[in-house]
Every structure is written in structure tokens, then in C-alpha cells.
**Student:** 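Quick one: structure below, then a few questions.
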Protein chains: 2
Amino acid sequence: MSNTTKVLPLLEPEVPETVVPCCPPLTERPFTAEEAETAARMFKALGDPVRLRLFSAVASHEGGEACVCDISDVGVSQPTVSHHLKKLKDAGLLTSERRGTWVYYRVEPSVLAAMGKLLTVAPSAA
Amino acid sequence: MSNTTKVLPLLEPEVPETVVPCCPPLTERPFTAEEAETAARMFKALGDPVRLRLFSAVASHEGGEACVCDISDVGVSQPTVSHHLKKLKDAGLLTSERRGTWVYYRVEPSVLAAMGKLLTVAPSAA
DNA sequence: CGTCTATGTTGACATACGTCGAACCAAGTC
DNA sequence: GACTTGGTTCGACGTATGTCAACATAGACG
């Protein structure tokens, strides 16, 4: 039975080929200074516990977006939350949009996929 | 979402079970403070351009290991290289071993895989 | 042993970073 | 308009970080 070979469209609404070609996998070849600069910026953005929690909260929220009020319970003051959300936004990991009273943040799916590719264990290496 | 509820085993090829169970994918559920602390430590280690270049140089080197002398051309002084390699080691991303005159660093493949999983776009989320 | 090469460690310094309180802006509500 | 709630920006402060020069350590090789 070829049950596993069914290429059913497991809900890939986003995550298209538009994955930003930031850098090759870390294991493919030594990064250039420029590549390292770019990739480090993204890693750095996730290199703080509070930001990681905020990002995870947004990413795991209904539809990949969340109101600030829903995720700001991470143990720091609200200005600090805002500060970190801005950093994530500056790093290109989140986007924000104001809808009436509340501000909603949502993840940038392509960036997530790009980072995942960075950490791919080179299959050809072996 | 009735049609999409098929939980078919969408090709989970390698990624051995030896992957350290640090945290769930970022998109699965909000990280706890503890998970965030752990994961952030790894991201932080790669959040510096110099460290990223060093790590990439080691990871892409023959057999996933490299002598310091082979990778220390990243534009900073030798003590700084040593400092960053120590940080990567402390973060659990590299291991070192002295063989005669030279010291060799090698990647911790399980950690790489674990981080890759973190950035997995949750297939069940949606 | 002495010396040379390859790395790691220490101390110092400038900068970046995380955090908060206070002030400020944006939408609703009265 | 005034008041309330949600969120950002500003200014300040303490700490962490990246960097280097100088020194220390570990083998190799006479």
C-alpha cells in the first residue's frame, strides 16, 4: 500500500517557495561575513527567553496571530513586552497590525522556514 | 477541517530519536519560561556573526570537525576566536578535543537536529 | 631544559542589551 | 470634551557582551 506516498495537500496555505534565500545550511559551507551577519540577526532575535516566549505565543496562537493583550503575561512589564515585540518585528520575524483597539502580531512563515533550512543537517554530507 | 484531520505519517525520514527533547516546535504551543530559557541559550549562541561563522566552518568541515587553526580567519583576534569557541562549547553546540599540538572542534549533531525541530512549522497546528 | 608554536585565560574597556517608570499616543465610551 | 483602556516611546540604570593586549599553559622539537 502506498499510503504514505499520498501527496495530499496537508494544509500548506502559506510556506511557499518564497522562502527567503538568506543563507545555505550551516553545514554546507563556511558562512561568509555577510551571510553570518544576516543569519545572526535572526538567531539573536530568538536568543532571549522573553522574546522566545512571545514569539512562540504568537506562532502557536489561532491562525498564527495574536493580540498583545493575549501574550503579554510573560513576567515583564508591558513596555518591555512592547520593546521585545518591536525587536522581533525589526528582525523580520513578526508583523504587526492595529485593528481597532488592539494590535495584532503575526508570524512571518517564510522566515521560520528559512531558519529551519539553516539548521538542516546536510543530507549529502554523510 | 474534516478532510485535513488525516494524521498520515508525512515522511518523517531521519531525525533520529536521539534528538534531545529540549522543547516542542515553536508553533505548537506557548513556551514555558523554562523551555524558553533552554532554547534561548542555544539561539543566543548562534546570535553572533563571528560565532555563526565559526560554527558553520566547523560544521561544514571535513567530517564535521576542524582544527582551530583552520577556522580562525574570521576577522577577529585569536583570543576572541577562543572566547567564542568556548561560548559555543558552553552552549553545547560544539565539543573540543586536543590531539597533539592542535585542538579540534566538532559539532554536536543532535543539538542541531533539535534546533531544527524547534523551527518546524507545526503540521498539526493550522 | 629551553624555546617555539598553538590555544586558552585574564583584565580592562566600550558598547549593546534588558528592564522599568513615566510620559505619550490611539480608540472607545460616557 | 473628559475619562478609560491598550500599546508604544523615552530616559535612565545596571548588567551582559564583544573585543583586544598581555599573560599563561600545553605539546613538540631540539
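All values below were derived from every heavy atom in this structure, side-chain atoms included, with hydrogens, water molecules and symmetry-related copies excluded. The chains referred to below are lettered A, B, ... by the order of the sequence lines, with proteins before strands, and numbering in each begins at 1.
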**Student:** Under the side chain to side chain contact (heavy atoms under 4.5 Å, CB included) test, which residues partner A:R29, sequence neighbours left out?
**Tutor:**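 Testing A:R29 for side chain to side chain contact (heavy atoms under 4.5 Å, CB included), a comparison that skips the adjacent residues, returns A:P24, A:T32, A:E35.
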
**Student:** If a pair satisfies side-chain hydrogen bond (donor to acceptor under 3.5 Å, both in side chains) and one of its residues is in residues 51-68 of chain B, list it, with sequence neighbours excluded.
**Tutor:**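 Counting only pairs at least two positions apart or across chains, the side-chain hydrogen bond (donor to acceptor under 3.5 Å, both in side chains) contacts touching residues 51-68 of chain B are B:R51-B:H84, B:E65-B:R99, B:E65-B:R106.
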
**Student:** Taking side chain to side chain donor-acceptor pair (under 3.5 Å) as the test, write out the residues that go with B:S77, two or more places apart.
**Tutor:**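 Partners of B:S77 by the side chain to side chain donor-acceptor pair (under 3.5 Å) criterion, ordered by chain and then number, come out as B:T80.
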
**Student:** Heavy atoms, side chains only, cut-off 4.5 Å: are A:C23 and A:L118 in contact?
**Tutor:**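 With C-beta onward as the side chain, the pair touches.
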
**Student:** Any side-chain N or O of B:Y105 below 4.0 angstrom from OP1/OP2 of C:dG8?
**Tutor:**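 True: B:Y105 side-chain N/O within range (under 4.0 Å) of C:dG8 OP1/OP2.
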
**Student:** Listed in order of residue number, which residues of residues 82-94 of chain A have a non-hydrogen atom at under 4.0 Å from DNA chain C?
**Tutor:**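 Nucleic-acid contacts, sorted: A:H83, A:H84, A:K87.
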
**Student:** In whole angstrom, what separates B:E97's CD from C:dT7's P?
**Tutor:**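 My rounded result for the distance is 14 Å.
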
**Student:** Return the minimal non-hydrogen interatomic distance between B:L46 and A:F43, and the atom names on each side.
**Tutor:**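 So the minimum-distance heavy-atom pair works out to O-CB, 3.5 Å.
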
**Student:** Does any part of the side chain of A:V50, heavy atoms only, come nearer than 4.5 Å to the side chain of A:V81, both counted from C-beta?
**Tutor:**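 They are not in contact (no side-chain heavy atoms under 4.5 Å apart), so the answer is no.
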
**Student:** Output all residues satisfying side chain to side chain contact (heavy atoms under 4.5 Å, CB included) with B:C69, sequence neighbours left out; order by chain, then residue number.
**Tutor:**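 Listed in chain order: B:C67, B:W102.
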
**Student:** Measure across A:A39 and A:F31 and return the closest heavy-atom pair with its distance rounded to 0.1 Å.
**Tutor:**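 That would be CB-CE2, 3.9 Å.
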
**Student:** Please give me the minimum heavy-atom distance between A:I71 and A:V74, naming the atom from each residue.
**Tutor:**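 Taking every non-hydrogen atom into account, O-CG1, 3.7 Å.
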
**Student:** Tell me whether the OP1 or OP2 atom of C:dC17 has a side-chain N or O from B:K44 closer than 4.0 Å.
**Tutor:**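 It does not, given that no N or O in the side chain of B:K44 lies less than 4.0 Å from OP1 or OP2 of C:dC17.
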
**Student:** What pairs with B:Q78 under side chain to side chain contact (heavy atoms under 4.5 Å, CB included), at least two apart in sequence or on another chain?
**Tutor:**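 For B:Q78 the side chain to side chain contact (heavy atoms under 4.5 Å, CB included) partners, ignoring immediate neighbours, are B:S82.
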
**Student:** If you take any heavy atom closer than 4.0 Å to DNA chain D, which residues from residues 30-43 of chain B end up in contact?
**Tutor:**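 Hits under 4.0 Å, by residue number: none.
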
**Student:** Show me the donor-acceptor pairs within less than 3.5 Å that the side chains of residues 86-94 of chain B make with the rest of the protein, sequence neighbours left out.
**Tutor:**
from  : atom 1 : to    : atom 2 : distance (Å)
B:K89 : NZ     : B:S96 : OG     : 2.8

**Student:** Taking 5' to 3' order, which nucleotide of DNA chain D is first and which is last to have an atom within less than 4.0 Å of a heavy atom in chain B?
**Tutor:**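 Listing 5' to 3', DNA chain D meets chain B from D:dT17 to D:dA28.
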
**Student:** Where along nucleotides 22-30 of chain C does protein come under 4.0 Å, by heavy atom, of base (B) or sugar-phosphate alone (S), with - for untouched nucleotides?
**Tutor:** B---SSS--

**Student:** Give me the atom names and distance for the closest heavy-atom approach of B:T27 to A:A59.
**Tutor:**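 Scanning both residues completely, I find the closest heavy atoms to be CG2-CB, 3.7 Å.
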
